[in-house]
Amino acid sequence: MQENFEVRIREIAKLKKGWSFGQGEPFNDEHVEIAALLALRYYKKYAITVSGTPSVDGSIYLTFNIKDIFLDIIVLPQISEATVKYTHGIGKNKIEELWGTVPLNKLDSIMEKFISLSKEENNS
């Protein structure tokens, strides 16, 4: 059975140019498939919540979270890289850190760091 987030991410491929009130770049099938497979990979490996959202610039945001700790993996349109942002907390106590743009093959180590930090934060 496909997970709901996986189905929703794959639906992004159907968006045409101008999909968001006249703005919004289209998405190619390969880009969407890579995002869906990354989401599924980390969901299965770590059993964490994930969602996928299209961006008008053609990026796909994958948001993973454990309680109030979030990791955004922004799969860029050129497919070979992703921008990573870490967020801990909500409201005025929120801390955001841009971890930079990395090749997709570096995401496993980024995810390990996220899991480790979330365990530390939830145990303190």
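Computed from a predicted structure; not experimentally measured. The figures here come from the full heavy-atom set of this structure, side chains too, leaving out hydrogens, waters and symmetry mates.
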Rounded to the nearest 0.5 Å, how far apart are [atom1] of [X] and [atom2] of [Y]?
X	Y	atom1	atom2	value
D29	I34	CG	CD1	11.5 Å
D57	I74	CG	CD1	8.5 Å
I73	F114	CD1	CZ	9.0 Å
I60	I79	CD1	CD1	8.5 Å
I90	I69	CD1	CD1	12.0 Å
S118	F64	OG	CZ	12.5 Å

Which pairs, with at least one residue in residues 69-94 and sequence neighbours excluded, count as a ring pair (Phe, Tyr, Trp, His ring centres under 6.0 Å)? Y86-W99

Is the closest side-chain heavy-atom distance between [X] and [Y] below 4.5 Å?
X	Y	result
P26	K17	yes
Y46	I66	no
P103	S80	no
L71	K113	no
W19	V56	yes
E97	K85	no

Identify whether the distance between the nearest side-chain nitrogen and carboxylate oxygen of [X] and [Y] falls below 4.0 Å.
X	Y	answer
R8	E11	no
K94	E96	yes
E112	K45	yes

How about CD on Q23, more than 12 heavy atoms from neighbouring residues, nucleotides or ligands closer than 6.0 Å, or not?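 Result for CD/Q23: open.
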
Apply side-chain contact (heavy atoms from CB on, under 4.5 Å) to residues T87 and I95 and explain how you reach the verdict. CA-CA 6 Å; T87 306; I95 299 168; over 6 Å; no

Between I48 and I115, does a side-chain contact (heavy atoms from CB on, under 4.5 Å) hold up when you go through it step by step? CA-CA 9 Å; I48 56 178; I115 296 299; 4.3 Å; yes

State yes or no: do [X] and [Y] share one hydrophobic cluster built from I, L, V, M, F, W and Y residues joined by side-chain heavy-atom distances below 4.5 Å, directly or via other members?
X	Y	value
I9	L76	no
V7	Y43	no
Y61	L107	no

Suppose the criterion is side chain to side chain donor-acceptor pair (under 3.5 Å): which pairs have a residue in residues 64-76, not counting sequence neighbours?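 Counting only pairs at least two positions apart or across chains, the side chain to side chain donor-acceptor pair (under 3.5 Å) contacts touching residues 64-76 are T63-D72.
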
Contacts of type salt bridge (Lys or Arg N to Asp or Glu O under 4.0 Å), residue K92, not counting sequence neighbours: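 Checked K92 against salt bridge (Lys or Arg N to Asp or Glu O under 4.0 Å); zero matches.
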
